[in-house]
Amino acid sequence: MKTVTAEYKDSMESAFRSQSEVRITIIQSSGNIVFESDSISNMTQTTDIDPISRRLPTETLEFSVLDTEGTYNPVAPSSEWEGIDANAEILLEYGYQLGNNTVWLSSDSYVLSGKPTYSKGIALFKANKKLATLTGTFYKGAFTSSSYTYEALAIQVLADAGLSSSEYVLDDYLSSYNSSAPIPIDTHKNCLQMIAHACGCALYTDSNGKITIKHIIFFALTPLDFHLTRRDIVRGTEETNKLSPIYKTEAYKYSYYETETEAKEVYRETITTTDTTDYHIEFEAAKNVIVNVNGSEISANVYAQSADFTLVGSGETTIIATGYPVKENSSVYTKLVSSDSSGGIDTMKNPIVTDYSVCAILAENTALYLQYRNTNYLSYRGNPELQALDCIYYTDGFGTLLKALVLKNTIKFNGALSGELILKNLSEIDGAELYDSLDEIVYDNTDEAIMTTEPKKILANYTTAQINQFIGEVI
């Protein structure tokens, strides 16, 4: 959750909120473009993160601005459409009026995903967090004589994507486990998701634009100082989905072996070159690959499924790569979730899980997460300081105080804030005791402490004697 002042927190919890503000800045070398609340027609910010990375996160921003003069109309004579950097950084800021001042939360960093579209006086902009932009191909996974930590594999992928160490944050947990498998050819973002999933970690982009892989221990989470109360929730929008029982989880462990005792041809191509050419080839996974050009072995950077090299000269050129083809073998680790054999089976197949301990942790961590079967969907007043993966207090429709994990937070703005949440219920929490005005616990007639549905100590405005007198008068 973003850092907020006590005054901001009190105001956001008030039954009647003050005016919210939104400011969006497109950062360009030619000059920044700033959109204030009065020019923003609609805005939707969506953050949806799987805590164990079974899929990539959704981290998007869409906003439309009133543009009756055609400033962002690509065919208008005075249009600024051409001058917009299609990959510019965007800063999103939320503000809240406190007295005569506007207090601004720390910004969220996005990357514009193309130039705006224009229709009927409205310009629509779309953006993603940095992770979604890592669409280049990683093909440098290699068979080696030793294994590498998942941290080392992540750094290799991030560096290949052009990111420096200041542009990502990796949990130390990744350095505790190893893999001996080459990462398959895929986009950089998909390779990172594969790594995060193998370790049961969350993958996302933080508010500063840093790629983040974080390990979450669900049962040890402590709720932040945030309580989603019944007053915050839009009546009639709340739904609870209870997952069908899971019988067990299965995680596959992979090993890779050579299928031939002699080298086989894994690639052949004849091309015509006219000059010195950098060339890239791809083939089925193989070990000890050698590249020959016109019958002669050449120097090449060889990987498990690809090779890079330079062709010199012109004319017809035949490229042949030979090596020892590789196949995969797998075994399964099973973790029982319940005794109900009619329940579902959750199966995890990740080709870079090659160690039994990693396989066991993947199955057990997934089993632990799937035991939290209740998920809540609701609309609420919208709190932009709240972020996906925050652990919060939540009072459900039955008045039960819960510890909940934010899986998805959608913030909308059309002159005022609103929001939608998806929450994973982690546990029920006993409310705090009720204290009287003398700071003494209030007990009922069975000498049990009276509990509240609030996560923190509640101090009444009356003494216990006054409370008892009032209850007696009501009865």
Side-chain angles (χ1 to χ4, degrees), residues 1-4 27 45-61 87 89-93 105-111 127-136 138 140 148-179 183 186-218 220-224 226 350 352 358 361-362 365 369 384-392 405-409:
M1 190 167 73
K2 293 186 177 182
T3 302
V4 298
I27 299 176
Q45 179 192 26
T46 302
T47 308
D48 182 359
I49 302 173
D50 185 343
I52 53 177
S53 291
R54 293 165 296 178
R55 56 174 172 78
L56 284 168
T58 298
E59 303 171 302
T60 59
L61 172 67
N87 303 113
E89 181 183 7
I90 290 180
L91 295 181
L92 168 64
E93 298 172 278
L105 296 177
S106 58
S107 61
D108 285 295
S109 176
Y110 287 84
V111 179
N128 287 288
K129 288 288 187 78
K130 182 178 288 186
L131 177 63
T133 70
L134 303 185
T135 56
F138 180 80
K140 295 180 180 179
Y148 292 92
T149 67
Y150 287 99
E151 179 185 50
L153 293 176
I155 291 173
Q156 184 182 10
V157 173
L158 290 161
D160 191 70
L163 275 67
S164 67
S165 59
S166 64
E167 295 179 279
Y168 56 81
V169 178
L170 303 178
D171 197 303
D172 291 340
Y173 189 80
L174 273 68
S175 64
S176 302
Y177 300 98
N178 291 17
S179 173
I183 299 175
D186 210 328
T187 62
H188 292 102
K189 62 181 180 180
N190 285 345
C191 291
L192 291 173
Q193 183 259 329
M194 205 179 302
I195 293 168
H197 175 256
C199 295
C201 294
L203 170 67
Y204 58 97
T205 313
D206 72 10
S207 58
N208 296 316
K210 293 186 178 183
I211 307 299
T212 303
I213 299 180
K214 179 182 179 181
H215 184 243
I216 300 173
I217 305 175
F218 301 105
L221 288 173
T222 301
L224 301 167
F226 185 96
N350 188 322
I352 60 172
V358 176
I361 288 172
L362 178 58
N365 197 52
Y369 180 68
E385 72 273 23
L386 199 61
Q387 297 176 301
L389 302 185
D390 282 346
C391 183
I392 64 172
L405 184 69
V406 178
L407 301 180
K408 180 178 180 180
N409 189 21

J.: Taking atom types as modelled, is there a side-chain donor on Thr60 or Thr58 under 3.5 Å from an acceptor on the other?
T.: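 Looking only at side-chain atoms, Thr58 and Thr60 do not form any donor-acceptor pair under 3.5 Å.
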J.: Evaluate the ring planes of Phe218 and Tyr369, with Trp represented by its six-membered ring, and classify them as parallel (under 30°), tilted (30 to 60°) or perpendicular (over 60°).
T.: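 Phe218 vs Tyr369 ring planes: tilted.
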J.: How close do Asp390 and Glu385 get, counting heavy atoms only, and between which atoms?
T.: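 Residues Asp390 and Glu385, closest heavy atoms: OD2-O, 4.3 Å.
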J.: Which is it for Asp172 and Ser175 under the side-chain hydrogen bond (donor to acceptor under 3.5 Å, both in side chains) test, yes or no, and what are the steps along the way?
T.: CA-CA 6 Å; Asp172 291 340; Ser175 64; 5.4 Å; no
J.: Quick one: does Phe138's side chain get under 4.5 Å of Gln156's, heavy atoms only?
T.: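 Phe138 reaches Gln156 side chain to side chain.
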J.: Of the non-hydrogen atoms in Asp206 and Asn208, which two are nearest, and what is the gap between them?
T.: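 Closest pair (atom of Asp206, atom of Asn208, distance): OD1-N, 2.9 Å.
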J.: So, Asn350 versus His197: side-chain donor-acceptor pair below 3.5 Å or not?
T.: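 There is such a pair (donor and acceptor under 3.5 Å, judged by atom type) between the side chains of Asn350 and His197.
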J.: Is Lys129 close enough and on-axis enough to Tyr204, meaning under 6.0 Å and within 45°, for cation-pi?
T.: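 Negative - Lys129 is either too far from the ring of Tyr204 or too far off its axis.
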J.: Cut-off 3.5 Å, side chains only: do Glu89 and Ser109 have a donor facing an acceptor?
T.: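 Per modelled atom types, Glu89 and Ser109 side chains form a pair under 3.5 Å.
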J.: Could you measure the distance from the CZ atom of Arg55 to the CD atom of Gln193? Nearest 0.5 Å is fine.
T.: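 Between Arg55 CZ and Gln193 CD, I get 10.0 Å after rounding to 0.5 Å.
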J.: Measure the NZ-CG distance between Lys214 and Leu389 for me, rounded to the nearest 0.5 Å.
T.: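 Going from NZ on Lys214 over to CG on Leu389, the span is 6.5 Å.
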J.: Which atom names give the shortest non-hydrogen contact between Cys191 and Ile183, and what distance separates them?
T.: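 For Cys191 and Ile183, the tightest heavy-atom pair comes out as SG-CG2, 3.5 Å.
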J.: Strictly below 4.0 Å, N to O, side chains only: are Glu59 and Lys130 in salt-bridge contact?
T.: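 Salt bridge flag = no for Lys130 with Glu59.
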